[in-house]
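Atoms within each ligand, like the ligands themselves, are counted from 1 in listed order. Small disclaimer: the values here were computed from a predicted structure and weren't measured.
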Amino acid sequence: MLRQYELVERVKSYDPDADEAMLNRAYVFSMKAHGTQKRASGDPYYSHPIEVAGILTDLHLDDETIVTAILHDTIEDTVATPEEIEKRFGPSVARLVDGVTKLSRIEAQSESQRAAENLRKFLLAMSGDIRVLLVKLADRLHNMRTLHFIQKPEKRRRIARETMDIYAPLAERIGMYEFMTEMQSLAFRELEPDAFESISKRLEQLHKGDGDLIERIARGLKAHLEANGIEAEVQGREKHPYSIWKKMAERHVSFEQLSDVMAFRAVVDSVDECYRTLGLIHQRWPMVPGRFKDFISTPKRNGYSSLHTTVIHDEQMRIEIQIRTREMHVQAEHGLAAHWSYKEGKKTAARTQHPWISDLIEILEHAGSAEELLEHTRMAMYTDRIFAFTPKGELIQLPKGATPVDFAYAVHTDLGDQTVGAKINGRVMPLRTPLDNGDQVEILVSKAQHPQPAWLSFVVTGKARAKIRRFVKSKEREETVALGRKIFDEIVQRLPNALGWEAMAEALRRLHLPDDDSLMEAIALKRIDDVKVMEALIPGSTGVEGVKPPPQRRAISIKGLTPGVAFHLATCCHPIPGDRIVGLRREGEGIEVHTIGCEQLADGVDADWVDLAWGNETDGGTARLCIVIKNEPGSLAVIAGVMGQNGANIVSMDQTGRDGSFHTFNLDIEVHDVQHLMRILAALRASDVVSTAERI
Ligand code: MN
């Protein structure tokens, strides 16, 4: 364990202005607070926060971060209070410690609504200060280094799995590859002990005989560059068992077929030299097609930049080479932490917000519920990025699987809202097409367009999803209110007297509703029945004579038909009473009734067109719906339940699409009329399992 003076000296070595007294106070405070607590290793507990602080001094982090690391477990595990921390170490450290404590608490919880709520708070707290995350990652790294001391195998596995699933990707997100690699290696050893063992053994065998092979190749590379005037630092290493195992799994190849198990790195002075180095290497050794990547011209989202290539070094052996400048190298090892380090004793902390963090903040502002948030965060954490270009050559970074709609929303909200189509590399393509790296995307827009509910089944970015959902929600409410108003007008017709001009305000007061729209919505969604509305408008009205009975339904009737002429309702557009309709009469075939919007009418130019309208009350028809529902047990039962409660009969049901966690169905249902249909749509949309419901 680092001694007090050693820790202070380390910080002073890269930051002579560091607050020495605060560091000393923190060391003593933590030691006293943790007292006689012990780690699983048998070491005194306080050795853990000190080691965590030590890890962070390697990244040259500022004194506040180091103090936070020393204090990071005091709130959760000792009697120390946030007030005490603030009094002794100031508001800035107190805020950081609070952030780390909150994240530790989330760790202890399951993925429930509450955890997501906490995650939201934590991310907000952290958004201004990435140092909280740095301390948490160092904490996890030290816990992984000491994992083998934990007795229970299940507990070791749980911690290792969590590290693999959450912390290593987080480290990668912010570009801390050193942390990521060590976490993965330690977790892999715990999770796949057999694979780890066998890969390690084979690596050993591979080198039997040629001992310093890596050394020799590195020397050869360096000499080749030197002969051509480039002074490079060349390091070589064997790939980690985990990255070898991952490659074997991803490419379905065996260890023997995996020819590149060695990786080399050339660090040079300038970007210009990077490209010259690449040229020299490709001239000397043939490159492996498809493996060259230029992260200098298009850096990764976490800021990583380098050139990557794989060459055939000699028969049967491929080697991977990374080429970068010294600055890129520091950034690559330490990622975002590099922005917090000190250079020549001067504070150069770049507090610029990381793009990944600002994405989250935007989602936080738009996400409706904590679960929705968690869904977005996971996406933001786990999906890889692709790069696409605007027609002007602007680079847009998106998660893998992103579509032109995601692209449009990433460029600008208005562009997303008005999207009607997209050209990918000059060709018009469907909006659900996943984009590839390097695609040039031109979004076709129309001022009359609105976000479409169907887009929800394929967009992948949190931003697009949140914007579309918000629009769909407001549109659904508009429709629901309009439906409620129609039913309300009918209800008013049935009242014995005309309404006084105060009646509406009185009724809202009696029903405890804030405004007209809320009443209309409640009526449409059947949260309130007709009698209650009538009583609220005119108390006593339903008990007196003169209340008109609800309308009776009669057999289907269509005005405009010559009596006795055979007709049938077209199966392409399924007209139902309330729709505007037209008839097509063909010789010897009777009359086919279509909605006036039906596309099949274009084929009817040779037929006689008959102007038709529905009779007053009718027997209904069949309507076709497209619904997108969550893929979870019981979803279909819920749909069937909604139909039953609303007196609708399902005639047929076809699954038309399936997209991860959503299923799309076409449903034919029997309804009385348009209002009945709208009630059913409203009820479907109100259900938890339904993502969208539309008539088609
Ligand atoms: Mn800890």
Colleague: Is the backbone N or O of N631 less than 3.5 Å from a side-chain atom of S635, with the two atoms forming a donor-acceptor pair by type?
Modeller: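 No.
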Colleague: Could you name all protein N, O or S atoms found under 2.8 Å from the Mn ion (ligand 1)?
Modeller: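 Listed by chain and number: H48 NE2, H72 NE2, D73 OD2, D139 OD1.
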Colleague: Under 3.5 Å, is there a donor-acceptor pair linking the side chains of Q235 and R237?
Modeller: no
Colleague: So does E51 pair up with R145, basic N to acidic O under 4.0 Å?
Modeller: no
Colleague: Establish, from distance only, whether the side-chain atoms of T146 and R39 form a donor-acceptor pair under 3.5 Å.
Modeller: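 Result is yes, a qualifying pair exists.
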Colleague: Indicate whether any N or O donor in one side chain lies under 3.5 Å from an N or O acceptor in the other, for E64 and S92.
Modeller: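 Yes.
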Colleague: Could you tell me whether D139 and K136 make a salt bridge, using a distance below 4.0 angstrom between a side-chain N and a carboxylate O?
Modeller: yes
